[in-house]
Amino acid sequence: MTSERMYMKTMSRSTNSLYYSSIANLRSNTYSSSINSSCSSWNTQLRELAKQGQYQKALNLYPQLVSSGASPNAFTFPFALKSCAALCLPVPGQQLHAHVIRTGCHSEPFVQTALMSMYCKCSLVENARKLFDESPYARTLTVCYNALIAGYTHNFELCNAVLLFCKMRLLDVSVNSVTMLGLIPGCTVPLHLGFGMSLHCLNVKCGLDGDMSVGNCLLTMYVRCGSVCSGRKFFDDMHEKGLITWNAMISGYAQNGHASLVLDLYREMELKGMSPDPVTFVAVLSSCANLGASKIGTEVEQKIKRRGFGYNLFLQNALINMYARCGNLVRAHTIFNDMPEKNLVSWTAIIGGYGIHGHGENAVQLFDQMIDAGIQPDKTVFVSILSACSHAGLTDRGLKYFDSMEKKYGLQPGSEHYSCVVDLLGRAGRLKEALGLIESMPDKPDGAVWGALLGACKIHRDVELAELAFERVIELEPTNIGYYVLLSNLYSETKNMEGILKVRVMMRERKLRKDPGFSSVEYSGRTHLFMAGDRSHPQTEGIYAMLYRLEDLTKEANESEKNDEDGRNSELGNNTRVHSERLAIAFALMNTALGSQILVTKNLRVCGDCHVFIKLVSKIVDRQFVIRDATRFHHFQNGVCSCNDYW
DNA sequence: TTAGGGTTAG
C-alpha cells in the first residue's frame, strides 16, 4: 500500500476532504482575505500534539487551521512536517512543501531543515538533497548536514552519508553529537564496523564522548555487529548509564543469543536501582523463552502488570512467545485470547508455539482464522506454519500453503521456506520430490536447505542421497559440525564402518570438535548450567548423591505428581518437565553425568547416549515427558519420541 | 513559538 493510500485510510473521511479542500483554497488564493488571522494558538496546539507524539491528530489540525481562515506561518510548518515524517506520509508532506513556498516561508532555515528531514524520513532523499544543493545557506549549517546525513543512513546510503560528512569536515562546518547520531547507525553491520570505530575515536577527539546518546548509539553499533565483548567493555567504561544504555546492552546480549547474560545484567540493573521499562522486559522475556525459564518469565509478567505495562502489545507478544516456547500453551493462548488488539506478530507467536510442540492442527486452524480476520500474512508467519505442518506430518496442507505464498499473497518464498518444504517432503519420505524442489529453486540453495534434505535422508536411511546432500551442505557450511555428525550417525545405523571412519577423518582434518552438551535448570530465579561431569555447583555433593539413588528419585517423582493438582509443573530449564526442584537438578546432572547431549547447540543434532538417559527418565517418571532441544520440544511416551527424529 | 539523534516483539 502506498503511503498516500495509508494516509487516506488513517484520516477520517471528513477531515480528509477538509484537508484536500484547504489545499485547493491555498492553490486558488481564496484564503488571501483572511491572511491576517493569527495562527499562534493553532501553532501551540500543533506543537503540543507533535511533542506528545500524537502526529495524526497534529496533522488533522492543519486543514482545520487553514479552513478557519488563519494563515500558516513559519512556526506552523516544522510541526506539521515532523508529523508527516513520523507517519511517513510523503504526499501530504509534498503538499505542505507547496504551502511553504506559497506562504513565503521557504527562506527560513529551520523550515528548510524540517523539509529535508521530512523528505528523508519519507524515503525521498533525492528531494532533500535537491533542497540542500539549491539552498544558499544549507552548506554552512550543521543542522542541514545532520538532517541529510541521517537521511542517507536511514535509507541505507552510507556511502553518500560519508561523502557528505567529508564535505562537512572539509568546509570546516562544526560536527556535533547529532552528526554522530546520524552516522553511527549506518555502522551496525560487521562490514562497516571499522568505520564505526574510527567515528568512535573521532567522537572522543572532538570531546563529544560525554554525550550519553552517542554512547548508547556506539554501544548498539558494537553489539549489532556481534562484538559483544567490545560492547560490554564500552558499557562498563561509560561514565553515565541511562535506561537506554542498560536496554541497549541487555538487548544486545539477547540478540546475540547470550540469554543467561541477559538475566544476569537484568538482575544487576535492578540492584542498581534502575527501573526496567517495556524494552527491558521484551529482551528479558525473549531470553526466558530461549532458556525455558518460565518461572522467571512468570515473575516478569507479574512485574509488568504491577508497572501498568500489561496492555503493551510488544510485551503481550513477548509473553505469548515465552510461555509457548516454555511449553505452557494454555497460558500463551489465554494471553492471546485476552488481547484487545492482536497484530501479525501475536498470530505468528501463537502459531509458532503450537508448531514447535507438534500441534500442527491447532497451528493450521489459527493460521486460517488469521486469514479470515483479514490479517495479511508475511514471510515469517509462513515459516511458522510450514514448519508446524512439517513437524505434525501435515504434508499436503503444508504444500498447499507453500503454493499459496506467491499465487495468493504475492510473497516470494525464500530459502527458509524452501528448507521447511524440503523438511516437509523429506519427513514424509518423498525424498526425490524434495531433491526436485531444491533443483527448481530460483536462487542457489543455502546450507539449511541441503541440511533439511540430509536430515530427511537420515530418517529414511537413504545413504546415496544423504551423501549428495552432505557434499553440497559442507561446501556451504564446512565448519557446521552437525552435518558431519548426522552423516556419521546414518553410517552407524547402516553399519557402514568405512563411512564412519571417513567422516571422522574429515572432522579431524578440519579440526572440528563437538560442542559440549549442557543442561540447565531454573531454580530460585537463577538458571544453572551443568556440563558433563561438572562439579562446579556449590551443592554438587548432595546433587550427585541424589543422582545415584534412583529409588529416592522415583519416590519423589511419584509424590510430587500427586501434589501436581493444577497441572502446573516445576520445570527443568531446557530439558525435562518434572515436579520438584530437587528432582529437576538431579535430572540435569544425570543428563550431563551420562554425557548425553540432550540440549544441543543450534547446529549440533546429536544425542550421544541420550537413549540411556531417556530410559532412566522413563523408569522414574512413568508418564509422558517432554525434552527440549535447540529447535523444539520432543514429547516422549514410553521412552519413544513422537517425532521419530534423531533420538 | 523555530530545524537534526539513540534502545523493543514473532
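Naming: A, B, ... by sequence-line order, numbering from 1 per chain.
- Ion pair A/Lys233/A/Asp236 not flagged as a salt bridge, since none of the NZ, NE, NH1 or NH2 atoms sits closer than 4.0 Å to an Asp/Glu carboxylate oxygen.
- In this structure, CE of A/Met116 is placed 19 Å from P of B/dT2, rounded to the nearest angstrom.
- Applying the 4.0 Å criterion to OP1 and OP2 of B/dT8, one finds that A/Gln255 has a side-chain N or O inside that range.
- On a pure distance criterion of 3.5 Å, no polar donor-acceptor pair joins the side chain of A/Asn343 and the base of B/dG10.
- Using a 4.0 Å cut-off between charged side-chain N and carboxylate O, A/Arg129 and A/Glu157 make no salt bridge.
- Nucleic acid contact for A/Asp277: none, since no nucleic acid atom lies under 4.0 Å from a heavy atom of the residue.
- Nucleic acid contact for A/Asn321: sugar-phosphate only, since backbone atoms but no base atoms lie under 4.0 Å from a heavy atom of the residue.
- Residue contacts for A/Gln45: at a heavy-atom cut-off of 4.0 Å it reaches no nucleic acid atom on any strand shown.
- Relative to the side chain of A/Val282, the nucleotides B/dA9, B/dT7, B/dG4 differ in distance, and B/dA9 lies closest.
- For A/Phe79, whose side chain is taken as the heavy atoms from C-beta onward, the closest listed nucleotide among B/dG5, B/dT2, B/dG10 is B/dT2.
- For B/dG5, the OP1/OP2 oxygens have a side-chain nitrogen or oxygen of A/Lys121 closer than 4.0 Å.
- Remark: C1' of B/dG6 and CE of A/Met249 are 16 Å apart, rounded to the nearest angstrom.
- Straight-line distance from the CG atom of A/Leu386 to the C1' atom of B/dG10: 15 Å, rounded to whole Å.
- At the phosphate of B/dT8, OP1 or OP2 sits under 4.0 Å from a side-chain N or O atom of A/Arg224.
- If you check distances only, the side chain of A/Asn146 never reaches the base of B/dG5 with a donor-acceptor pair under 3.5 Å.
- Nearest nucleotide to the side chain of A/Ala114, out of B/dG5, B/dT1, B/dA3: B/dA3.
- Straight-line distance from the OH atom of A/Tyr119 to the P atom of B/dA3: 19 Å, rounded to whole Å.
- Of the listed nucleotides (B/dT7, B/dG5, B/dA3), B/dT7 has the atom at the smallest distance from the side chain of A/Ile244.
- Atoms CE (A/Met212) and P (B/dG5) sit 18 Å apart, rounded to a whole Å.
- A/Ile350 comes within 4.0 angstrom of no nucleic acid atom, judged by non-hydrogen atoms across all strands.
- For the ring-ring contact (aromatic ring centres under 6.0 Å, His included) with A/Phe367, the qualifying choice from A/Tyr401, A/Tyr354, A/Tyr409 is A/Tyr401, the only one to do so.
- Closest approach to the A/Ser117 side chain among B/dT2, B/dG10, B/dG4 is made by B/dG4 (side chain taken as heavy atoms from C-beta onward).
- Following rounding to the nearest Å, A/Ile375 (CD1) and B/dG10 (P) show an atom-to-atom distance of 18 Å.
- A/Ser213 comes within 4.0 angstrom of a nucleotide base, judged by non-hydrogen atoms across all strands.
- For A/Glu268 and A/Lys272, the salt-bridge test passes: some basic side-chain N is under 4.0 Å from an acidic carboxylate O.
- Base engagement by A/Asp378 is indicated by at least one non-hydrogen atom pair under 4.0 Å involving a base atom.
- Each of B/dG4, B/dT2, B/dG6 was ranked by its minimum atom distance to the side chain of A/Asn216; first place goes to B/dG6.
- Residues A/Ser260 and A/Tyr253 bring no donor and acceptor atom of their side chains to less than 3.5 Å of each other.
- A/Arg325 has no side-chain polar atom (N or O) that falls below the 4.0 Å cut-off from OP1 or OP2 of B/dG10.
- A sub-4.0 Å separation between OP1 or OP2 of B/dG6 and a side-chain N or O of A/His154 is present.
- By the stacking rule of 5.5 Å between ring centres and under 30° between planes, A/Phe314 stacks on the base of B/dA9.
- A/Thr380 comes within 4.0 angstrom of a nucleotide base, judged by non-hydrogen atoms across all strands.
- You'll find that the side chain of A/Asn247 is closest to B/dT7, out of B/dT7, B/dT2, B/dG10.
- Seen from the ring of A/Phe336, A/Lys342 counts as a face-on cation partner, given the 6.0 Å and 45° thresholds.
- Residue A/Leu81 contributes atom CG, which lies 12 Å from atom C1' of B/dT2 at whole-angstrom precision.
- Side-chain atoms of A/Thr298 and A/Arg331 form no donor-acceptor pair, as typed in the model, at a separation below 3.5 Å.
- Listed nucleotides: B/dT1, B/dG4, B/dG5. Nearest to the side chain of A/Leu181: B/dG5.
- The separation between A/Phe234 atom CZ and B/dG6 atom C1' is 12 Å, rounded to whole Å.
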